[in-house]
Every structure is written in C-alpha cells, then in structure tokens.
Amino acid sequence: MRYGLFSDVHSNLEAMTVVADALKNEGVQDYLCMGDLIGYYANPVETLDLIDSLKCWKTVLGNHDAGCIGKTDISKFSGPAADAIRWTQKQLKPHHFAMLNSLRYREEIGEIQLVHSSPFQSEEWHYLTKLEEIERNFRYFQGFICFFGHVHKPFIAEQKIDGTVKILDTMEATLDKDCRYIVNVGSVGQPRDGNPKTAYVVYDSDTKHIAIRRLDYDHETTAKKTLAAGLSEYLAHRLVTGK
Ligand SMILES: [Fe+2]
Ligand SMILES: [Fe+2]
C-alpha cells in the first residue's frame, strides 16, 4: 500500500492545496493525517473542507484540534495560539466541529501506528525531540513504524534489533525490515526546521520505501491573510523563516 501522510496543517490553505495536489500526483492509495488541522492561520473552513475531500483513511486528534473542541485547556497555549483557536471557533460550522470530535488520540493500521505528539501519553502533548525521549517511546507502541507530528521538524529515527536508536541523516530511505521506526512527518502549514517549504511523506508499506518531501508554496499570501484576519504578526512572519 502506498500512503500519503501529512500533519500540522494549521488552517494554511495555500500549503495544504500544494500538498493535496502533490499527493494526488504521487499516486497514493490512502491518506493518513497526524492532526493539528486548524489553529494559527486564516482559512480553517476551507482547509477542513479540503482535508475532508481527501477522505483520509485515518486522522488523529492534534492539540489545537482538541483545544478547539474543548478537549484540551487552551490556557496552556501561547497567547497567539490561543487567540487563533478562539478566532477559529467563531469561523467553524457544526459539521467541522463534528469532524474534529470524531478524531481519536491514536490509530493503528496493522504495523503502522499514528499519534499526534508521542506514543507515550499521547493525550499529554509531549514534544518528542530528544534522542533519549525517542528511545523511550519505542517501548510505547507495537508494530514496525510510528508516524507523528506536533514538533514540525521532520526526521526518521531508527531502532536496531539491539535496541540502539539513531536519527537517520536522510529524508528518503528504504527501511530495514529488522529495525523499527519513529518518523516525524514535518508540518504542512508551519515548518520549524529552518526550511519554509511545506512537508509531506510518501510511504510504501510493501517496499518499505519512505520519502519526506518539501515543496514551495505561496507563504506570502498566507501571511497577508493572517494579518488581514487580525491574527498574529509573529505567526505570519515565521512562515517566511520556517522557524
Ligand atoms: Fe502543530
Ligand atoms: Fe501539535
């Protein structure tokens, strides 16, 4: 099965449109989404409708989605993030809330695990960035590979049969069937790895080939819409730097 995976769209319609078109051209058979569909940017309605049209096989709940439907306390969010959630709540229609309410913290498809933040305590929204934390998280899912989002920085972590873990120095690889993997699929709508290009992943579960791909999109338009909607200047600016 050839899967198209994406995450952390955050109501960035320009980026999601580019990724949806790219995934269609990649000939993927099913879409998987790691959450944070909304929050931050100015097109929640159009972005949710576009994602809905993809008929993703599985989508998991992100912390911004959870904040929007009252499952997570947004007082813990940064000021601009909380403001964007409150603004988003005013834009959405009942069917959008129903869509977000249908999402779960974890999904599993055979050897594939999906979470938004981390396999360990998925509902606590930990940030999985340190190697020792990644190592520990291999104990909290079964199967071959776990995909996640939340940190907005793509990487492939590999655990050898002896338990040692390393981050691969590549964004494209044929995975070793004797190893296990935790993969961050990056962010469609707000990359934070210093590269402003939007990110998505193509994974073939038969050949075990994975590719994290990056594409240009019109982030100037996204930034202009952010400011026009009265949302945060800081959130608009970080689209340019990708940080
Ligand atoms: Fe996010
Ligand atoms: Fe998140």
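First listed ligand is number 1; within each ligand, the first listed atom is number 1. A quick note: this is a predicted structure, and the numbers were derived from the prediction, not measured.
- Neither side chain, K153 nor N184, offers a donor N or O lying under 3.5 Å from an acceptor on the other.
- Under the 3.5 Å distance criterion, with hydrogens and angles disregarded, no donor-acceptor pair is assigned to the side chains of D176 and Y181.
- In the model, Y41 has no side-chain atom that pairs as donor or acceptor with a side-chain atom of E14 under 3.5 Å.
- Side-chain polar atoms of Q91 and H96 form no donor-acceptor pair below 3.5 angstrom.
- Between D49 and K93, none of the side-chain N atoms (NZ, or NE/NH1/NH2) sits under 4.0 Å from a carboxylate O, so this pair counts as no salt bridge.
- If you count the protein N, O or S atoms nearer to the Fe ion (ligand 2) than 2.8 Å, you get 4.
- Ring geometry, F77 versus H64: the interplanar angle falls from 30° to 60°, so the pair is classed tilted.
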